[in-house]
There are 2 protein chains.
Amino acid sequence: MDLALTNAQVLTMTGDGVGPIEEATIGIENGDLVFVGPTAEFDAGQADEVVDCSNRLVVPGLVNAHAHMGLTMLRGGAQDVPEIEWMNRALAPLARYLDADDQILGARLGVIEAVCHGTTTVCEYAANVERLVEEVYDPLGVRVVATETINELADERDDLGPRDVPTLDRQLGANALERTERLFERYADHDRVSVTYGPQAVDMVSPETLREVTRRAEENDRDVHVHVAQGERERLQVEARYGSGTRSVDVLEETGLADDRLIAAHLHDATTAERKRLAEAGVRMVGCPSSIAAIDGIVPPVLEYVEAGGVAGVGTDQAPGSGRHDILEEVRTLAMLTKCARTDPRALPAWQALRLATVDGARALGLDDCIGTIEVGKRADLAIVDLDATAMVPAVETPFHTSVPNLVSSATGSAVDAVLVDGEFLVRDGVFVHADVEALSRRVNERAKAVFDAATDDWQAAGSALVDDASYGRL
Amino acid sequence: MDLALTNAQVLTMTGDGVGPIEEATIGIENGDLVFVGPTAEFDAGQADEVVDCSNRLVVPGLVNAHAHMGLTMLRGGAQDVPEIEWMNRALAPLARYLDADDQILGARLGVIEAVCHGTTTVCEYAANVERLVEEVYDPLGVRVVATETINELADERDDLGPRDVPTLDRQLGANALERTERLFERYADHDRVSVTYGPQAVDMVSPETLREVTRRAEENDRDVHVHVAQGERERLQVEARYGSGTRSVDVLEETGLADDRLIAAHLHDATTAERKRLAEAGVRMVGCPSSIAAIDGIVPPVLEYVEAGGVAGVGTDQAPGSGRHDILEEVRTLAMLTKCARTDPRALPAWQALRLATVDGARALGLDDCIGTIEVGKRADLAIVDLDATAMVPAVETPFHTSVPNLVSSATGSAVDAVLVDGEFLVRDGVFVHADVEALSRRVNERAKAVFDAATDDWQAAGSALVDDASYGRL
């Protein structure tokens, strides 16, 4: 056995609750969990390295089920504007000046930030995602679900109204499918990289390509990840393209995508009945609480989806708008929002929030055979929390484990002390092992200054509400 | 001059926005701000100590305008239960086993946590608050508004229904008033300690005592801090005591309390019209976002109060339910909740959230003549933020300051690197100067184990929803 973590409080997240074990040992060999049980039943002599985890809590590595890490360099660049302005008038004028290297650089910082806050798996959604895998996720040792964006919008559409139907170029879809197939091939045997199809949204991909994705997903039993029912703009576009009364969920069903291979992000502009149909069809959903609250002023319907029998995870979406890549902050935010949306303090309790961040996130990404819980046979993706960190205090085990609410509502990711993926430490004693994070932060800051400088004229010309804010000394 | 902080990005919070200055220097003498302006206009030779704040952001020390720090040892002890259960069936069975020393010990950790997250002023609300001032706030060097609880409820009321009127004992009120007067005398000349009257709520104090508080407050121009319109229980109690149709705000008005000396906490069960009346009367309010969201499932009406022309601050209330004492987490939470309550992403933007945490909090506590902004003549209460901390990246100054949204939505209090009160460092290089925080956390953890152990039978007998949760392995 390579490594044993002894004397820990463990939330295994097995069963229907949080599966707590006290005074527990976790044994790891070749990246697999080979022992999970009371320290008293464990022979420490078996392990090459023994790490005493007294006053430590071990939970499954957290799952960020939907993220665009390439936008991290624009954090703080677009928020507090009307939803209709966010993309085109606030974010886009900056994003236009972000080149591929900037996206990689920012993503590296975003992924490291996520990992330092306990995340071990990220579902990355990007065009040309291969470069992010190759230059960020794989060298950093982080588990990734690489989702290659398929988008057939042919041209910049600044002049088009929300009901105008832009041209779709099926060649763009074919190229993206090609890139995706190359990814499937390249990472077929990679333990930490899996791949899914990423048709961006049903109004941005032709029905022919959507059907082709369905065919290929069925043929090879692969997953498909789509942004679904994101708001008014999408609703109008779908009606304009498919006819009055047709909605995003209808298009998913008609193109054969609405089955248990589908991961649907957002769903806040779907109806309760539509969400129920999707849940019953085995579609998994991902909600992005801070992002959708900040950009749309909407509470993601995660709890409703779970109550309808669906599987759901959470994601950080992108840093502009929502903030840091911290999955525990996301489930804290979701819990507070959901309680207030229902005027019910019992809604989305800590144990359920923690399940969304771990085992449910793993199910949402179809990775629950290898991650999401702490049990023998799964991979050793773990987050270790310091129970003497102020925000985790007190950490009692009788008559219940205060670590459950304190991790979600108080500490969020700030008390994470160590993180392992496949049994290897990525974070140890609070420090990311494989990178000089401070130097990286400085590089991102320097490069961001150049990007924002270059974008200044365009940003001002776009005239979002932020331009006024800046002129009034509010920003 | 004792100290100069040079080359900083500063949000002075003066004017109507955030009052940004780049490449700024802050000069401090005898705890006062004596220079605030461009580094280019400052002669570094004037200062005994010069601290280079390149890549640092300086903001006014944050104001926690309502906190019961003595409950910190019970963090994680009561949440995710119906509001009606929270106090009596979840918190009280544990709180009964918390002695005065436990409250002091927990409060010390809570206050240190608050300070490490940028808070320099706490409005502490407690019975026998003198001991907290003497043993926690004053020795730690933290600014405090000491609010002595006045409560005339004579007996434990477990057997009484929500419409039964318990006996009020005016002698209890007289004793509490005596304690308060002693505090006013003792701390009359203390720079960091101010005192207010604390009638707990209008259903817990007789109208005679409320009028006596009004008389004394007017006579000596002192402030009064009351929990107002906290929910159904209070509403029923007020009706039962004062007659059908009488409400908390009516009682405040009839007893003369509703004027510009009053600080009203919560107000979520007041009507919009009542809140408008209070705002117009000059009453200041304090909202506690995480606490009221977690315990009541309600969004505090802070933005509405500000829009009605009122002054408002925010507080962390108590750790059980809401989590850590981090004022930036509070304004982040409030912003997300308010955006969703209005389906308006423009509601409560970052600059306004930051004002609530600083200048507005100071106004809410009547301390805006000495704290809340960074300008010459005010006391040197400052929080210094590391702009290379991942959650603050990027930190650009053109075409606007990303530090404003990134401090609120991304970093919260986690990027605070140094904190000064009256020009003295309480936190430096991320470390609290005057206490061994890890040793303190361990002591609180040890003592909490004993408290929760002792309380186990009572807690189980009280039968809150958490008892089931624990038995199902959810807690």
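Numbered from 1 within each chain, the chains take letters A, B, ... in sequence-line order.
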Q) Are the charged groups of Glu397(A) and Lys449(B) less than 4.0 angstrom apart, N to O? A) no

Q) Just how far is it from atom CZ of Phe400(B) to atom CD of Gln460(A), taken to the nearest 0.5 Å? A) 10.5 Å

Q: Among Ser410(B), Gly323(B), Pro289(B), single out the residue with the greatest number of heavy-atom pairs under 4.5 Å to chain A.
A: Ser410(B)

Q.
I'd like to verify something: which residue of Thr343(A), Asn445(A), Thr456(A) has the highest number of heavy-atom pairs under 4.5 Å with chain B?
A. Asn445(A)

Q: Look at Ala395(A), Ala411(A), Ala470(A) and state which one has the largest set of heavy-atom pairs under 4.5 Å with chain B.
A: Ala395(A)

Q) So, for Arg346(A) and Ala465(B), which heavy atoms are closest and what is the spacing to 0.1 Å? A) CZ-CB, 3.6 Å

Q) Considering only heavy atoms, which portion of Arg342(B) lies under 4.5 Å from any heavy atom of chain A: side chain, backbone, both, or neither? A) neither

Q.
Using a 4.5 angstrom heavy-atom cutoff, name the option from Ala293(B), Cys340(B), Ala319(B) with the most pairs to chain A.
A. Cys340(B)

Q: Using non-hydrogen atoms and a 4.5 Å limit, figure out which bit of Asp386(B) sits close to chain A: side chain, backbone, both or neither.
A: neither

Q.
Shorter than 4.5 Å, heavy atoms on both sides: which option in Gln79(B), Arg442(B), Glu446(B) has the most such pairs with chain A?
A. Arg442(B)

Q. Side chain, backbone, both or neither: which part of Met73(B) has a heavy atom under 4.5 Å from chain A?
A. backbone

Q.
What part of Val393(B) gets within 4.5 angstrom of chain A, counting heavy atoms only: side chain, backbone, both, or neither?
A. both

Q.
Using side-chain heavy atoms (C-beta onward) and a distance below 4.5 Å, is Trp351(B) in contact with Leu475(A)?
A. no

Q) Which region of Ser403(B), side chain (C-beta onward) or backbone (N, CA, C, O), has a non-hydrogen atom less than 4.5 Å from a non-hydrogen atom of chain A, or is it both or neither? A) neither

Q) How long is the span from the OG1 atom in Thr398(A) to the CH2 atom in Trp459(B), to the nearest 0.5 Å? A) 10.5 Å

Q) Pick from Ala389(A), Pro320(A), Ala448(A), Ser290(A): which one has the most heavy-atom pairs with chain B under 4.5 Å? A) Ser290(A)

Q: Pick one of side chain, backbone, both or neither for Leu348(B), based on which atoms fall under 4.5 Å of a heavy atom in chain A.
A: backbone

Q: Mind ranking Ala391(B), Gly17(B), Gly321(B) by heavy-atom pairs under 4.5 Å with chain A and telling me who comes out on top?
A: Ala391(B)

Q.
Is Ile295(B) in contact with chain A via its backbone, its side chain, both, or neither, using a 4.5 Å heavy-atom distance?
A. backbone

Q.
side-chain hydrogen bond (donor to acceptor under 3.5 Å, both in side chains) for Arg75(A) and Ser409(B)? Distances and angles first, verdict last.
A. CA-CA 10 Å; Arg75(A) 171 156 46 201; Ser409(B) 295; over 6 Å; no

Q. What part of Ala341(B) is in contact with chain A, defined as an atom under 4.5 angstrom from a non-hydrogen atom: side chain, backbone, both or neither?
A. neither

Q.
Which atoms of Thr72(A) are under 4.5 Å from chain B, going by heavy atoms: the side chain, the backbone, both sets, or neither?
A. backbone

Q) What option among Val437(A), Val81(A), Leu466(A) has the most heavy-atom pairs under 4.5 Å with chain B? A) Val81(A)

Q) With chain A, which of His117(B), Glu83(B), Arg332(B) has the greatest number of heavy-atom pairs at distances under 4.5 Å? A) Arg332(B)

Q. Measuring heavy-atom distances to chain A, does Ser322(B) have an atom under 4.5 Å in its side chain, in its backbone, in both, or in neither?
A. backbone

Q. Is it true that Lys339(A) and Asp80(B) have a side-chain N and a carboxylate O under 4.0 angstrom from each other?
A. yes

Q. Hey, is the main chain of Tyr472(B) close enough, under 3.5 Å, to the side chain of Asp16(A) for a donor-acceptor pair?
A. no

**Q.** Atom group of Val18(B) that falls short of 4.5 Å from chain A, counting heavy atoms
**A.** both

Q. Is the closest side-chain heavy-atom distance between Arg447(B) and Pro394(A) below 4.5 Å?
A. no

Q: Among Met392(B), Glu329(B), Glu438(B), Glu113(B), single out the residue with the greatest number of heavy-atom pairs under 4.5 Å to chain A.
A: Glu329(B)

Q. Hey, what do you get for OG1 (Thr390(A)) to CD1 (Ile112(B)), rounding to the nearest 0.5 Å?
A. 9.0 Å

Q. Any side-chain heavy atom of Phe452(A) sitting closer than 4.5 Å to one from Pro399(B)?
A. yes

Q: Identify the two heavy atoms, one from Pro345(B) and one from Ala294(A), that lie closest to each other, and give their separation to 0.1 Å.
A: CB-O, 3.1 Å

Q.
Return the CG to CG distance between Asp296(A) and Asp344(B), rounded to the nearest 0.5 Å.
A. 11.5 Å

Q | Over 12 non-hydrogen atoms of neighbours within 6.0 angstrom of CG in Asp436(B) | A | yes

Q. Quick one: does Thr333(A)'s side chain get under 4.5 Å of Thr333(B)'s, heavy atoms only?
A. no

Q. Any Lys/Arg nitrogen of Arg443(B) or Asp388(A) sitting under 4.0 Å from an Asp/Glu carboxylate oxygen of the other?
A. no

**Q.** Ser414(A) side, atom OG; Arg324(B) side, atom CZ - distance, nearest 0.5 Å
**A.** 5.0 Å

Q) Do you know which of Ile292(A), Asn406(A), Val404(A) has the most heavy-atom pairs with chain B at a distance under 4.5 angstrom? A) Asn406(A)

Q: Working to the nearest 0.5 Å, report the span between CZ of Arg474(A) and NE2 of His401(B).
A: 15.5 Å

